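Here is the structure we will look at.
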2 protein chains.
Amino acid sequence: METLRSLVPSINSLVVFEAAGRLSSFTAASRELGMTQAAVSYAIARLEEHLGATLFLREYRRVRLTEAGERFHADVSIGLSHIHRSARDLRAVTTGSHVTLSCSTAFASFWMVPRMAQFREELPHIDLRIQTSDHDLDLLGEGIPLAVRGGDPNHWPNYLSEPLAPEEIYPVCGAGYLAGRSAPMTEADLLLHQLIHLEEPYRTAATWADWFSAVGIDRRRIPKGLQINDYVLVIQSVLAGQGVALGWRHLVGGLVDSGVLVRLTNHVLTTGLQFHVIWPRDISMSQCAQQVREWLLAQPRV
Amino acid sequence: METLRSLVPSINSLVVFEAAGRLSSFTAASRELGMTQAAVSYAIARLEEHLGATLFLREYRRVRLTEAGERFHADVSIGLSHIHRSARDLRAVTTGSHVTLSCSTAFASFWMVPRMAQFREELPHIDLRIQTSDHDLDLLGEGIPLAVRGGDPNHWPNYLSEPLAPEEIYPVCGAGYLAGRSAPMTEADLLLHQLIHLEEPYRTAATWADWFSAVGIDRRRIPKGLQINDYVLVIQSVLAGQGVALGWRHLVGGLVDSGVLVRLTNHVLTTGLQFHVIWPRDISMSQCAQQVREWLLAQPRV
DNA sequence: GGTTTCCATAAATACAGCTTATCAAGTTTA
DNA sequence: TAAACTTGATAAGCTGTATTTATGGAAACC
């Protein structure tokens with residue numbers, strides 16, 4: 001079969017043709033493409049010669065696509081724009097002044113937000129955009145250079161990663177919650193409290209069942225309580241004194257330290273998993289994204 | 001906006017990338033493209049460098065597209081194949097061993113068929129394909145280099161043309177039709193005969209009304225008769241002795257000369273229009289198509 | 001009639017893309 | 001275990017094509 005290369009003198013000439021056709025002017029096309037008018041004229045002439053078709057009618061001070069040229073132009077435009085868009089998406093990850101970080105709403109609220117002031121101070125030139133999503137979206141497809149995800153890196157073969165924090169879980173309640181209540185002495189005492197459950201709609205997260213199992217308490221003994229599907233709302237409920245929830249150390253550690261949340265019992269569920277900063281393996285990162293990654297990883301571990 | 005040129009090192013590299021991705025091998029791609037393996041390796045390396053993305057994983061004795069590469073490859077393939085198809089269609093008109101001639105079924109039957117033996121003798125190397133259509137199809141769109149059409153060349157600004165025969169119309173009947181009937185002496189006598197009408201569904205052709213008008217006979221006096229929508233069938237009906245029809249000289253002249261059809265009356269309706277050989281203006285013709293055109297125009301006028 | 005603004009053409013030039021040559025790596029096989 | 005084979009990477013150098021520079025011609029417009 002005739003290859004595309006044999007059909008046209010050079011694929012580059014198609015780009016010239018596209019611009020010339022769109023602008024109906026060789027001179028304008030040459031300006032747009034940053035080359036001389038002669039080069040455009042030459043490229044078009046060779047393309048026409050090669051295809052054996054007149055693509056342009058040379059009129060006074062302009063050129064006009066012939067009918068055949070019009071048809072070909074439409075197809076070339078479609079083809080090139082398709083490629084153009086794809087190439088632009090690829091590059092979007094690696095360049096650009098802004099950096100998009102994909103993470104959960106919980107991570108955004110409890111980890112990023114408290115550190116944003118410091119971020120602005122240390123990396124003032126970077127326009128950081130946090131994209132929260134509780135789906136595990138496709139960074140490559142979305143053109144996002146950086147994300148925070150919990151889990152096993154082996155599950156993301158197309159991404160490189162660096163651990164940010166281990167997954168450690170303990171019960172917390174609001175500072176005022178214990179007033180008028182007796183603090184639980186043992187893990188089993190917690191069964192008598194108002195438990196707030198996180199019901200992740202898309203991901204699977206550790207639950208009260210996991211936590212109680214780890215201390216040898218049968219999951220069937222766990223009372224039903226408040227079911228909330230967003231971790232930010234879970235913690236807000238806890239802060240409002242509505243009950244006890246599981247706290248992820250890397251998220252709530254700061255609140256515990258400042259005293260607005262209170263740890264209950266001494267048991268910590270350690271899943272062995274880590275939260276990671278991850279980025280697409282095959283795509284080189286922009287300077288800015290690299291700086292953001294280094295900044296994330298340099299934050300003191302809670 | 002970033003132009004496509006700035007996104008990729010050269011558009012040619014996309015062709016190399018497409019082949020390499022499809023074949024999962026630089027060496028195989030180099031063979032297909034008729035270049036060296038080194039050139040492919042170099043082109044891909046530059047493309048990756050330019051896009052800032054790793055497109056291939058180099059494995060033992062093969063390369064494999066990365067996820068990002070896969071995505072980009074799909075888009076590039078689509079884009080290039082779109083252009084490829086369009087370019088091929090353009091070229092199909094100008095090259096190729098066969099020549100397609102578009103004409104009406106009537107012209108095919110009564111003009112081409114009687115001359116085909118001679119055509120084969122004079123241009124044996126040409127694979128002539130006659131495409132009959134009673135629509136006025138778009139030669140450019142169909143990739144057809146040559147057609148025969150009646151009418152005014154000014155109506156086809158995108159085509160060049162050369163007249164083949166004037167439009168001359170006279171009544172004819174079958175050789176046996178007059179047996180037992182009195183031959184019409186005047187044009188008006190024809191009104192007493194069984195007239196066969198051609199009812200062109202798509203084009204407008206001259207009718208009995210036109211013919212009678214030209215000799216000063218009111219169209220309202222014309223009797224209804226057989227209505228047939230294909231001129232080939234009209235003439236077959238006439239040959240079968242079913243009645244009298246209008247005969248176009250360039251089509252039925254040969255049948256009249258050989259005696260199987262008989263001209264009636266002396267009046268000839270000359271519309272002033274011509275039948276033309278036409279071809280797309282903007283597309284250069286293949287050698288073969290040119291020969292066919294010259295052959296058509298060199299045929300002795302009936 | 002001069003001016004302007006397009007496109008075409010010719011000659012000269014630069015440099016991208018290609019080839020040649022060689023190396024490295026990894027699997028097969030002997 | 002080492003030699004052979006295949007495939008990709010790399011370096012250096014060459015070639016040819018795309019581009020520029022320079023010029024001319026045509027068509028409108030003032």
Side-chain angles (χ1 to χ4, degrees), chain A residues 3-66 69 73 76 80 87 282 284, chain B residues 3-51 53-66 69 73 76 80 282 284:
Chain A
T3 105
L4 182 54
R5 298 197 122 183
S6 67
L7 284 170
V8 299
S10 115
I11 316 287
N12 287 293
S13 65
L14 294 173
V15 177
V16 177
F17 169 66
E18 189 281 323
R22 176 163 39 79
L23 300 167
S24 288
S25 158
F26 291 179
T27 304
S30 73
R31 269 197 301 270
E32 174 171 309
L33 297 170
M35 52 205 282
T36 60
Q37 171 271 319
V40 173
S41 176
Y42 175 82
I44 298 295
R46 295 229 358 195
L47 182 59
E48 289 181 318
E49 185 188 336
H50 220 91
L51 287 168
T54 305
L55 298 170
F56 286 99
L57 298 174
R58 277 68 170 175
E59 300 181 342
Y60 169 64
R61 285 175 78 169
R62 68 185 293 227
V63 290
R64 203 158 49 87
L65 284 166
T66 62
H73 185 259
V76 168
L80 291 183
D282 303 323
S284 73
Chain B
T3 117
L4 182 54
R5 297 196 123 182
S6 67
L7 285 169
V8 299
S10 109
I11 315 288
N12 286 291
S13 65
L14 294 172
V15 177
V16 177
F17 169 66
E18 189 281 324
R22 175 164 38 81
L23 299 167
S24 287
S25 159
F26 291 179
T27 304
S30 73
R31 269 196 300 272
E32 174 171 308
L33 298 170
M35 52 206 280
T36 60
Q37 171 271 319
V40 172
S41 177
Y42 173 81
I44 299 295
R46 295 230 359 199
L47 182 59
E48 288 181 319
E49 183 189 337
H50 222 92
L51 287 168
T54 306
L55 297 171
F56 287 99
L57 299 174
R58 276 68 171 177
E59 299 181 342
Y60 170 64
R61 284 173 85 168
R62 66 184 295 228
V63 289
R64 203 157 51 87
L65 284 166
T66 63
H73 186 259
V76 169
L80 291 183
D282 302 323
S284 73

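Residue numbers start from 1 in every chain, and the chains themselves are labelled A, B, ... in the order their sequence lines are given, proteins ahead of strands. We use all heavy atoms of the structure for the numbers below, so side chains are in, but hydrogens, waters and symmetry mates are not. Quantities reported herein were computed from a predicted structural model and do not represent experimental measurements.
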Under-4.0 Å side-chain N/O to phosphate OP1/OP2 contact, [X] with [N]:
X	N	value
R46(B)	dG17(C)	yes
S25(B)	dG8(D)	yes
S10(A)	dA18(D)	yes

In whole angstrom, what separates [X]'s [atom1] from [N]'s [atom2]?
X	N	atom1	atom2	result
L57(A)	dC6(C)	CG	P	18 Å
I11(A)	dG17(C)	CD1	C1'	14 Å
E48(A)	dC7(C)	CD	P	13 Å
M35(A)	dT13(C)	CE	C1'	15 Å
N12(A)	dG17(C)	CG	C1'	11 Å
Q37(B)	dA25(C)	CD	P	16 Å
L55(B)	dG8(D)	CG	P	15 Å
F56(B)	dT7(D)	CZ	P	16 Å

Item checked: Among dT9(C), dG17(C), dG8(D), the nucleotide that comes nearest once only the side chain of Y42(B) is considered -> dG17(C)
Next item on the list: Could you work out which one of dT21(D), dA9(D), dC7(C) sits closest to the side chain of F26(B)?
Entry: dA9(D)
Would you say [X]'s side chain and [Y]'s backbone share a donor-acceptor pair under 3.5 angstrom?
X	Y	value
E49(A)	P9(A)	no
S30(B)	T27(B)	yes
T66(A)	L55(A)	yes

Notebook entry, point to check: Is there side-chain contact between I11(A) and L14(B), with heavy atoms separated by less than 4.5 Å?
Noted result: no
Within the structure shown, what part of the strands sits under 4.0 Å from [X] by heavy-atom distance: base, sugar-phosphate, or nothing?
X	value
R31(B)	nothing
T27(A)	sugar-phosphate
R64(B)	nothing

Next item on the list: Might you work through the side chain to side chain contact (heavy atoms under 4.5 Å, CB included) test for M35(B) and V16(B), ending with a clear yes or no?
Entry: CA-CA 10 Å; M35(B) 52 206 280; V16(B) 177; 4.2 Å; yes
Item checked: Closest-nucleotide ordering on DNA chain D, the 5'-leading residue of R5(B) and S24(B) -> S24(B)
Note to self: Quick check on DNA chain C: between T36(B) and A39(A), whose nearest nucleotide comes earlier from the 5' end?
What the structure shows: A39(A)
